[in-house]
> 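What follows is a structure written as structure tokens; I'll ask about it next.
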Amino acid sequence: MVDLEKMRTIAKETVSRDDVRYLIGWRQGTYGFRVSPHFMKGPEEAEKLIFSPLCSNNLATYLTLTEKLPVPRGEQPDSRKIAVMVKGCDSRAVVQQLIEKGIERERVFVIGCPCEGVLDLKKVEEKFPGILSPVEVEWSGDKIIFTLPDGVKEVPKGEVLAKKCLSCRYPNPVMSDITLWDEVKSLGDGNYEDVKEMEEKNPQEKWSFWKDKFSSCIRCYSCRNVCPMCYCEDCVLDRLNPQWINRSANISENSAFQLARAFHLAGRCIECGECERVCPVDIPLMALNRKLAKEVREQYEFEPGLDPESKPFQSSYRPNDKEDFIL
Amino acid sequence: MDSMKLSKDKLNSFVAILAEQKQLYMPQAEGETLKYSPVNAKVQPDLVFSNTAVPAKSVVFPQVETLFRYEVEKTDIKMPAGEEERVLLGVRPCDARAMSIVDNLFSWDVDDPYYLGKREKTIVVGLACQKPGVNCFCSSVGGGPASTEGLDVLLTDLGESFLVKPLTEKGEKLCQAAGEIFEEASSDDLNSAEKLHQEAAALISRSIETGGIPEKLPGLWESGIWKEVSNACLGCGICTFLCPTCHCFDIQDEIEGFEGRRCRMWDSCMFGEYTLHTSGHNPRPTRRERTRNRINHKYNYFVQKFDVIACVGCGRCISSCPVNIDIIEILQQVKEAQ
Amino acid sequence: MSEQFQPNVVAFLCNWCSYAGADLAGTSRIKYPHNLNVIRVMCSGRVNPLFVINAFQQGADGVLISGCHPGDCHYMEGNFYARRRFSLMNELLEYVGVEPGRFNMSWVSASEGAKWKDVVAGVVEKAKEAGPFDQFRRNKINW
Amino acid sequence: MCDNANPYVPYMATIEDTWYETLGDRCVKTFKVTLDDAAARDCWSHKPGQCAMVGLLGVGESMFCISCSPTEGDFLRFSIMRAGKNTQALHEQEIGDKITVRGPYGNNFPMDDWKGKHIITIGGGIGQAPLRPIVEYVKANLDQYAGLTMIYGARTSGDLCFKGEFEDMSKRDDLSCHMTIDLEEEGWNYNVGFVPTMLMDVNPSPENAIAITCGPPIMIRFVLENLKKLNFADEQIYTTLENRMKCGFGKCGRCNVGSLYVCKDGPVFSYATLKDVPEAFA
């Protein structure tokens with residue numbers, strides 16, 4: 001069960017430690033069902049922290065997103081830890097960053113929050129439109145309880161939960177320095193029914209589906225920036241020399257961008273679904289990521305973001321990897 | 001020219017008349033995304049929506065636009081074909097107002113032939129807003145749900161019919177061309193339109209008193225609020241690409257076989273690469289400086305240059321931000337900061 | 001089209017095996033289709049997935065990556081990485097609607113001139129069958 | 001640009017002459033170009049301090065300062081350091097090749113207002129390029145100015161641009177010319193030391209003088225400090241800024257420092273203007 005009191009107490013303790021720079025958690029957003037990442041600097045901010053089915057942001061992103069400015073001459077780099085609150089999926093992002101040496105273990109303090117699934121805001125805001133005042137939302141068994149301005153509403157989980165959560169196998173952090181409450185049962189079996197359905201279509205059907213989706217891309221790169229695994233300092237999309245993908249937004253360049261983005265996550269995507277959540281034009285990005293995740297899992301029995309000691313998928317191999325497609 | 005009335009069952013024929021005369025642009029769903037796209041006379045008009053995801057600026061300032069073409073290793077420069085006459089139907093007053101704000105920039109000092117060329121040949125038929133979204137705050141920045149700035153014709157949905165109000169010469173001509181399908185509007189119609197406008201204005205639930213903000217911003221340059229409000233920022237381009245007044249662009253060359261073009265495309269001040277020097281030096285190295293620039297550009301620099309806030313309060317940047325960075329909240333903090 | 005469609009196939013050949021194999025096919029006067037644009041790379045492991053995407057963007061109707069047989073890599077393990085990478089690439093391309101057979105990978109050693117001929121013939125045949133690639137070709141969109 | 005011309009469409013220009021100023025990884029090559037179109041040549045008039053967009057069709061364009069004074073003749077000079085995609089491609093061009101030029105953009109050094117004053121240029125590395133037009137302009141009208149002092153430095157003697165010109169100038173007794181390099185070098189007969197230090201050694205009088213500085217940001221910072229120590233007023237100090245630019249005439253939005261567009265309101269600013277612009281020295 002979510003215990004906000006305990007969460008705030010631990011947050012206070014953590015952020016007061018000498019070796020912790022700040023803590024990244026969630027806070028109530030500015031309106032309606034929105035939640036915002038909160039960067040907590042001192043214990044007095046503990047009351048702002050929340051944990052609810054609205055906390056979909058994957059905070060592990062900020063571990064690699066924060067710009068590293070050059071340290072002024074004569075000063076020491078700040079080597080204190082960054083404390084971060086993680087759900088099950090987010091913890092896999094942290095592990096994968098550790099596998100890739102994107103972050104150092106001794107620079108992070110991981111606070112685990114077992115999670116019973118987060119909401120799909122699009123579904124929620126469609127169900128309860130036009131709500132401005134902040135709403136409290138809680139888990140209650142297989143229901144979600146909304147405390148709306150005009151009363152309390154119970155909604156079955158299946159109606160409002162994010163798609164990724166309905167088949168989630170890792171609701172509990174796979175790695176943490178401290179776990180805030182009891183582990184929860186996993187919601188799904190991690191099936192790939194949706195992927196299989198797409199696989200069965202013929203090339204024309206597949207392309208007409210993706211053509212539609214790719215052509216609406218406006219290249220805001222939100223999917224790239226929100227991804228905890230997208231942290232190359234020099235991204236191929238920003239490079240001019242060589243310029244593999246033109247800046248123009250059209251079906252050709254957008255497809256190239258989306259394929260490159262998805263492929264870059266092959267064997268790395270931990271299926272937190274953030275890319276799909278943030279997309280302002282509703283491209284089903286997870287369908288691409290999940291296709292690759294499925295192949296990696298089924299053909300190579302590999303899952304990213306579970307064992308910090310494992311080797312990255314694409315920089316390892318087995319001599320007997322499948323090669324039936326090779327001529 | 002006086003206001004007229006268009007019965008809703010004649011909307012289809014109105015659309016057909018417009019589409020025959022000029023290239024008609026209307027909000028169309030591309031997947032689940034509403035944006036302005038060219039349509040033909042047979043389109044079934046659907047004007048019931050709060051606002052499009054992509055603003056109407058995309059018609060006069062497209063995401064990608066060819067500046068000129070050339071052949072590789074040759075020196076002749078070929079200009080793109082001239083602009084077609086266009087009509088935009090269903091534009092919300094905030095988007096139209098944004099166009100008139102951006103006009104300032106593109107006609108400042110040097111005229112921008114591409115933007116102004118499109119703008120001059122575009123007739124904007126607006127539809128007064130009756131269902132403001134949760135994050136609309138147009139009335140705080142000088143607009144309103146029935147603002148007419150930037151519009152050539154304003155439609156108001158009266159239920160069974162539209163009240164059609166031509167506002168400019170261009171708009172009058174357009175209405176005259178479709179003259180026969182209109183009915184005369186009674187004073188009752190005018191009154192009920194006025195009442196609907198007021199009701200819509202009352203529905204706007206968010207607001208901010210913007211007076212004093214432009215004057216206050218310069219003093220907050222080194223303030224801690226910029227770090228505070230940009231902590232959660234992802235540095236993506238949603239807020240700027242979907243902003244109806246954001247007008248910054250990049251210019252690039254593209255080559256296809258032996259043909260090439262120089263084109264411009266939307267760019268975002270939230271991208272690190274936007275200001276990056278070739279030397280590797282970046283005058284705006286972190287999201288803090290970029291956020292500060294974005295707010296200052298809209299609420300300070302633009303005001304200094306053109307005496308108008310470069311924000312129309314459409315609320316898109318608030319609704320679409322993946323991490324709930326809320327421009328009203330930032331402005332509130334600016335007001336409260338010492 | 002009165003004439004039969006002649007596809008444009010881009011082939012990335014590893015310097016040590018497949019390029020030598022293609023060379024051998026040439027010096028042995030083995031006839032094979034001429035629709036191939038060969039790009040020599042040092043190792044099949046050097047081929048960046050973006051090369052493949054870009055080849056399709058710039059007008060390839062088919063792509064072939066060819067390297068040493070597993071275990072024979074001049075750099076010990078380059079082709080093992082390539083195998084993993086492009087097996088997934090193949091899946092991804094098919095998933096978005098690129099016809100099966102447009103993207104190919106083969107192992108051809110320096111002594112397999114005859115196999116090279118068969119591989120090329122097969123790849124060109126498949127590309128012919130699939131027809132011109134136009135899914136995300138650049139093609140001066142909105143110029 | 002000619003009136004009524006599309007401001008995005010460049011003029012074609014031919015490279016008349018080209019030579020290397022410095023060698024190495026980030027070498028500087030100077031291009032002397034003339035516009036192909038006679039009408040374009042007629043409407044082109046630039047002043048010291050202005051910039052132009054130089055590029056190649058199929059590659060792109062970047063903003064460079066025009067490094068010659070209009071008093072030198074009916075041509076343009078650009079001194080370009082090889083750094084990115086565009087400059088690499090430009091460096092590959094030879095005599096007779098075509099490049100594109102549009103401009104001139106920005107404001108200029110107020111050479112007329114400075115008449116009768118002592119002009120002091122303080123440059124570092126490639127930062128001498130925008131100062132060179134001043135030097136040439138004053139040299140051509142030496143009777144109208146009270147004098148010309150040049151301080152120019154680079155890391156090594158190999159990094160000094162326009163070295164031949166400086167050597168010639170240092171032989172003249174109507175000009176005061178000071179060259180310096182950061183570290184001692186064999187065969188180097190001029191000064192050794194950083195530019196800001198050199199400035200203190202030269203110790204120019206602020207009376208009836210104008211100091212213009214351009215160079216790496218760190219140098220500018222110390223030069224400004226030292227000029228203040230030498231009692232130069234803010235209005236007597238000028239510098240020229242450069243930012244990433246795309247259009248050159250205040251539309252694309254990226255070159256702003258505070259509310260000023262470098263391409264329109266600049267690139268030449270007096271320190272009196274800039275000291276209140278928070279982003280100027282970022």
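Both backbone and side-chain heavy atoms feed into the values below; hydrogens, waters and symmetry mates do not.
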> Tell me, out of B:His277, B:Glu254, B:His297, who's got the most heavy-atom pairs with chain D below 4.5 Å.
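Maximum pair count with chain D is reached by B:His277.
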
> With a 4.5 angstrom heavy-atom cut-off, which part of B:Tyr114 approaches chain D: side chain, backbone, both or neither?
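The side chain, not the backbone.
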
> For B:Trp108 versus D:Lys264, what's the shortest heavy-atom pair and its separation?
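In terms of heavy atoms, the two residues are closest at CH2-CG, 3.1 Å.
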
> So what's closer than 4.5 Å to chain B heavy atoms on D:Lys85: side chain, backbone, both or neither?
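Contact with chain B: none, neither part.
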
> Tell me the closest heavy-atom pair linking D:Gly250 and B:Leu105, and the distance in Å.
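Looking at all heavy atoms of both residues, the closest pair is O-CD2, 3.6 Å.
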
> Pick one of side chain, backbone, both or neither for B:Ile255, based on which atoms fall under 4.5 Å of a heavy atom in chain D.
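Side chain only.
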
> Any heavy-atom pair between the side chains of D:Leu56 and B:Asp253 that's under 4.5 Å?
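No; the side chains remain at least 4.5 Å from each other.
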
> Can you see which heavy atom on B:Phe249 is nearest to which on D:Tyr8, and at what distance?
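Closest pair (atom of B:Phe249, atom of D:Tyr8, distance): CZ-OH, 3.3 Å.
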
> Would you check if D:Asn243 and B:Pro283 make a side-chain contact, meaning some heavy-atom pair closer than 4.5 Å?
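Side-chain contact under 4.5 Å: yes.
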
> If I measure from the heavy atoms of chain D, does B:Arg261 come under 4.5 Å with its side chain, its backbone, both, or neither?
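Answer is neither: B:Arg261 stays 4.5 Å or more from chain D.
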
> Which region of B:His247, side chain (C-beta onward) or backbone (N, CA, C, O), has a non-hydrogen atom less than 4.5 Å from a non-hydrogen atom of chain D, or is it both or neither?
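Contact with chain D is through both the backbone and side chain of B:His247.
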
> Could you give the distance from SG (B:Cys248) to CZ (D:Arg254), rounded to the nearest 0.5 Å?
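These two atoms lie 7.5 Å from each other.
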
> So, taking the atom named OH in B:Tyr70 and the one named OG1 in D:Thr100, what distance separates them when rounded to the nearest 0.5 Å?
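Answer rounded to 0.5 Å: 9.0 Å.
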
> Is it the case that atom NZ in D:Lys29 sees more than 12 heavy atoms from other parts of the structure closer than 6.0 Å?
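Yes, NZ of D:Lys29 has more than 12 neighbouring heavy atoms, counting only those of other groups under 6.0 Å.
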
> Only pairs of heavy atoms separated by less than 4.5 Å count here; which of B:Lys305, B:Arg264, B:Glu71 has the most with chain D?
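Most heavy-atom pairs under 4.5 Å with chain D: B:Lys305.
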
> Run the side chain to side chain contact (heavy atoms under 4.5 Å, CB included) check on D:Leu57 and B:Glu73 step by step: do they pass?
CA-CA 8 Å; D:Leu57 292 182; B:Glu73 314 259 300; over 6 Å; no

> Looking at B:Gly280, B:Pro113, B:Gly260, B:Cys269, which has the largest count of heavy-atom pairs under 4.5 Å with chain D?
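Highest number of pairs under 4.5 Å: B:Pro113.
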
> Of the backbone (N, CA, C, O) and the side chain (C-beta and beyond), which part of D:Cys247 lies under 4.5 Å from a heavy atom of chain B, both, or neither?
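Contact with chain B involves both backbone and side-chain atoms of D:Cys247.
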
> If you count heavy-atom pairs within less than 4.5 Å of chain B, which of D:Cys252, D:Cys255, D:Gly253 leads?
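Ranked by contacts with chain B, first place is D:Cys252.
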
> Where do B:Arg284 and D:Asn256 come nearest, in terms of heavy atoms and distance?
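Closest heavy-atom pair between B:Arg284 and D:Asn256: NH2-OD1, 2.5 Å.
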
> Look at atom CZ of B:Phe306 and say whether more than 12 heavy atoms of other residues, nucleotides or ligands are closer to it than 6.0 Å.
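Correct, the count exceeds 12.
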
> Does any non-hydrogen side-chain atom of B:Pro218 lie less than 4.5 Å from one of D:Asp276?
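No, side chains not in contact.
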
> Would you sort out whether B:Tyr301 and D:Tyr261 count as a side chain to side chain contact (heavy atoms under 4.5 Å, CB included), showing the intermediate values?
CA-CA 10 Å; B:Tyr301 308 153; D:Tyr261 282 119; over 6 Å; no

> With a 4.0 Å cut-off on N to O distance, would you call B:Arg262 and D:Glu61 a salt bridge?
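Between D:Glu61 and B:Arg262 there is a salt bridge, with a charged N closer than 4.0 Å to a carboxylate O.
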
> Thinking salt bridges, do D:Lys251 and B:Asp112 make one under a 4.0 Å N-O criterion?
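So D:Lys251 does not pair with B:Asp112 through a salt bridge.
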
> Is the closest basic N to carboxylate O distance between D:Arg244 and B:Glu273 below 4.0 Å?
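Salt bridge between D:Arg244 and B:Glu273, a charged N being under 4.0 Å from a carboxylate O: yes.
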
> Name the member of B:Thr275, B:Asn296, B:Leu276, B:Asp111 that forms the most heavy-atom pairs with chain D at distances under 4.5 Å.
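Option with the top pair count is B:Leu276.
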
> Look at B:Asp109, B:Val72, B:Asn293, B:Asn300 and state which one has the largest set of heavy-atom pairs under 4.5 Å with chain D.
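Sorted descending by pairs with chain D, the first entry is B:Asp109.
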
> Go through the steps for B:Thr278 and D:Asn86 under the test side chain to side chain contact (heavy atoms under 4.5 Å, CB included), then give the verdict.
CA-CA 10 Å; B:Thr278 317; D:Asn86 217 347; over 6 Å; no

> Please flag which part of D:Asp36 lies under 4.5 Å from any non-hydrogen atom of chain B: side chain, backbone, both or neither.
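Contact with chain B: none, neither part.
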
> Heavy-atom count check: over 12 atoms from other residues, nucleotides or ligands less than 6.0 Å from B:Asp307 CG?
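For B:Asp307, atom CG is not crowded (no more than 12 foreign heavy atoms under 6.0 Å).
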
> With only heavy atoms counted, which part of B:Trp221 is less than 4.5 Å from chain D, the side chain, the backbone, both or neither?
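Looking at B:Trp221, just its side chain touches chain D.
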
> How long is the span from the NZ atom in D:Lys246 to the CD atom in B:Gln252, to the nearest 0.5 Å?
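Atom-to-atom, D:Lys246:NZ and B:Gln252:CD are 5.0 Å apart.
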
> For the NZ atom on D:Lys228, are there more than 12 heavy atoms of other groups (residues, nucleotides or ligands in this structure) within a distance under 6.0 Å?
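Count over threshold, so yes.
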
